Amino acid sequence: MKLKSHINQIIKDAFSKAGIDTEPMSVTEATKAEFGDYQFNGAMALAKKLGKNPRQIAEDIVAHLDLTGVVTKAEIAGPGFINLWINPLWIAEQCQHALGDERLGVNKRETPIKVVVDYSGPNMAKQMHVGHLRSTIIGDTLANLLEFLGDEVIRQNHIGDWGTQFGMLIAYLEEMGEDGSVSLKDLEQFYKDAKGRFDADEDFANKARAYVVKIQSGDTHCLELWQKFIDISLGHCEEVYKKLGVKLTREDVKAESFYNEDLVKVVEDLKRQGTLQESDGAQCVFLEGEEIPVIVQKADGGYLYATTDLAALRYRANVLGAKRISYVVDARQGEHFKQVFRVAKETGFVPEDVKLEHIAFGTMMDKGGKPFKTRDGGTVKLIDLLDEAVVKAKNTIKDQEGYSEEEVEELAKIIGIGAVKYADLSINRESNYIFNWDKMLSFEGNTSLYMQYAYARIQSIFRRFEGEIKGNIIIGDALEHRLSVMLLRFEDILDRAAIDAAPNQITTYLYELVTLFMRFYEQNPILKEGVDEQTKMSRLALADLTAKTIKQGLDILGIEVVDKL
RNA sequence: GCACUCGUAGCUCAGCUGGAUAGAGCACUCGCCUUCUAAGCGAGCGGUCUCAGGUUCGAAUCCUGACGGGUGUACCA
């Protein structure tokens, strides 16, 4: 239900009937309940243009407003605000429709596009650490969201599987022989050991350097070892993805090495276009107004990540056919993407109509506002963090007697992982974010547990009810009215969140929705005695739609719900 | 130095396509369980939206500048 568009259309109709030859600005949600459901603030802005006073304009608009359908009441307030009330009968009807629809009334895009979402991008030489968390879950959410809205989403996991350190790792893997896969279990340690050998033993170091050259020249034996290493390493990542409930699979992997053969062509094409300049021996693209050039080939002939990114952009736009390419990457790489995107567009590597965006996010901080580290200053492994979340979640479960051990375990997973993800997604992605166990595992405030609790409460009602909902939704009071309108706003929220790539708009919405529902739950009894049948059915339907909306919203965020909490 | 980014209640954060008296949660004070999960709900307390200009009928929101924090600044990714 594109609620806002409906209201906007009514305003637009009033404009043309009133002979106002301007595109009206969009209505906005009313800032207060007493101001109705939506408000139109455009009368004031027109005052100068039309040479009339804003209240007169407002009156003119209201006089031509169709109050027989979606909107039933309009009031002019203050300097020329137009407050609008939506018809409760219409709201009820729309909620009813949403309830009967598996998409909850959310339309699929009329003109879906292909979107590449590039996220996670772990380095194969090391284990995934907290630095990968935000990209992985924000990216997955964005992909889920666009998919739900009907776009054709192509997930891309641009893993780092190429580079000098792999020579060292492969040399070490070969040295370990069959035991390699065993010691690889702890990649972090494996890396350290390999580095230790590299630093201590000159022969080993030379072998490692030779391997780099061999891999790059396509030596079969080396490539086999390399492939083995990547497989095992990727297996580690998949373990993390599984725990996190992230949908990335091997199908989505397009590693750095995938673009290797294209790198020469990228440089050649740039050269042919005359956009390349040599500087200190390196091949560079100098952009107007930019101090630092984009280097695509080092003085020693090697390629850089800008080169790979250009190759990837070209592939995604031209081979995959993406019209929107979203990079969910740390904000610190803002400059890099700004430049690479410019080069891609200015050289025509990527067509003009393709939207390139860097979905930047801030750094994860500890309670003290410092970058998140272990006690001894090391990086926190993602798998450890997630395991800890599950342990902590287990401790928050109050009534453990009510469950079997397996159930507690399962519940703890859902709660713990959900808490970590929700905490991250609920904050404006561009700002740094303070990681706080106590806060994220709290039932109070804007947390996943609060949402899951609300969902479980509703399911509890249905466990007791055990019937079938018959009859229609009837908006009985102001609270039910607000709750219903909130439910109908779901699509508007998702649309906006998709445009801005802002998961926190979804969490803010869910929080508002759940808060309203909790009030409704307290004030409007459903199964208690003395509630007449019609009211009971209507309230059950509202509760049901609320639960389904919470579930769908959390599902987009990659968070599960439970029937009992 | 230059560029980017952030600065909203004691703390953590919403709000930023300009709109009415700036909103939540935590903390603190108080009230509500013989009836649908009180892990809840309600009420109170708490603000020169960093500062100074500007644009505007109207600015937390847009522009300029200052101050403060963070980040980045050519052959790592």
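Note that the structure is a prediction, hence the values are computed from the model and not measured. For the numbers below, each heavy atom of this structure counts, side chains included, while hydrogens, waters and symmetry mates do not.
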Look at all strands and tell whether [X] reaches a base, only sugar-phosphate, or nothing, counting heavy atoms closer than 4.0 Å.
X      : value
A:D563 : base
A:E290 : nothing
A:E529 : nothing
A:S26  : nothing
A:N436 : nothing
A:D161 : nothing
A:A47  : nothing
A:N41  : base

Would you say the side chain of A:S426 and the base of B:A14 hold a donor-acceptor pair, judged only by whether the two atoms sit under 3.5 Å apart? no
Are [X] and [Y] ion-paired here, with the side-chain N under 4.0 Å from a carboxylate O?
X      : Y      : answer
A:R489 : A:E491 : no
A:E290 : A:K338 : yes
A:D199 : A:K195 : yes

Does anything in residues 299-315 of chain A reach RNA chain B, meaning a heavy atom under 4.0 Å, and if so which residues? A:A299, A:Y303, A:L304, A:Y305
So if I take residues 535-546 of chain A and measure heavy-atom distances to RNA chain B, which residues fall below 4.0 Å? none
List for me each residue that meets ring pair (Phe, Tyr, Trp, His ring centres under 6.0 Å) alongside A:F198, sequence neighbours excluded, and say none if there are none. none
Who are the ring pair (Phe, Tyr, Trp, His ring centres under 6.0 Å) partners of A:F490, not counting sequence neighbours? A:Y509
If stacking means aromatic ring centre less than 5.5 angstrom from the base's six-membered ring centre, planes under 30°, is A:Y521 stacked on B:G40? no
Are A:F35 and the base of B:A20 stacked, counting only ring centres nearer than 5.5 Å and planes tilted under 30°? yes
Which letters describe nucleotides 56-62 of chain B, given B = protein heavy atom under 4.0 Å from base, S = only from sugar-phosphate, - = neither? SB-----
Name each donor-acceptor pair under 3.5 Å that joins a side chain in residues 359-367 of chain A to protein atoms two or more places apart or in another chain, with its distance.
unit_1: A:D366; atom_1: OD1; unit_2: A:G368; atom_2: N; d: 2.9
unit_1: A:D366; atom_1: OD1; unit_2: A:G369; atom_2: N; d: 3.0
unit_1: A:D366; atom_1: OD1; unit_2: A:K370; atom_2: N; d: 2.8

Any chance you could encode RNA chain B as dot-bracket? Rule is Watson-Crick or G-U wobble with both distances under 3.5 Å; [ ] for pairs crossing earlier ones, | for another strand. (((((((..((((.....[...)))).(((((.......))))).....(((((..]....))))))))))))....
Between A:F372 and A:H129, is the gap from one ring center to the other below 6.0 Å? no
Of B:C13, B:C41, B:A20, the nucleotide closest to the side chain of A:I427 is B:C13
Measure the distance from [atom1] on [X] to [atom2] on [N] and round it to the nearest whole Å.
X      : N     : atom1 : atom2 : answer
A:L565 : B:A39 : CG    : P     : 11 Å
A:Y433 : B:A14 : OH    : P     : 12 Å
A:F443 : B:A24 : CZ    : P     : 23 Å

Name every donor-acceptor pair, under 3.5 Å, that has one atom in a side chain of residues 510-526 of chain A and the other anywhere in the protein, sequence neighbours excluded.
unit_1: A:T515; atom_1: OG1; unit_2: A:Y511; atom_2: O; d: 2.7
unit_1: A:N524; atom_1: ND2; unit_2: A:D477; atom_2: OD2; d: 3.1
unit_1: A:N524; atom_1: ND2; unit_2: A:E480; atom_2: OE2; d: 3.0

Side chain to side chain donor-acceptor pair (under 3.5 Å) filter on A:Q216, not counting sequence neighbours, yields none
Write out all pairs satisfying ring pair (Phe, Tyr, Trp, His ring centres under 6.0 Å) with one or both partners inside residues 32-51 of chain A, taking only residues at least two apart or from two chains. A:F15-A:F40
Could you check A:E512 against A:E34 and say which one's nearest nucleotide on RNA chain B is further toward the 5' end? A:E512
Closest-nucleotide 5' rank along RNA chain B - winner of A:K439 and A:M25: A:K439
Residues in side-chain contact (heavy atoms from CB on, under 4.5 Å) with A:L304, at least two apart? A:I295, A:K298, A:T307
How long is the span from the CG atom in A:D262 to the OH atom in A:Y315, to the nearest 0.5 Å? 10.5 Å
Reckon A:R519 has a side-chain N or O less than 4.0 Å from the OP1 or OP2 of B:G42? yes
Is the shortest side-chain N/O distance from A:R464 to OP1 or OP2 of B:U37 below 4.0 Å? yes
Considering only the P atoms, how many Å lie between B:A27 and B:U61, rounded to the nearest integer? 32 Å
Residue pairs meeting salt bridge (charged side-chain N to carboxylate O under 4.0 Å, His left out), one or both in residues 117-139 of chain A, sequence neighbours left out, come to A:D118-A:R316, A:R134-A:D424
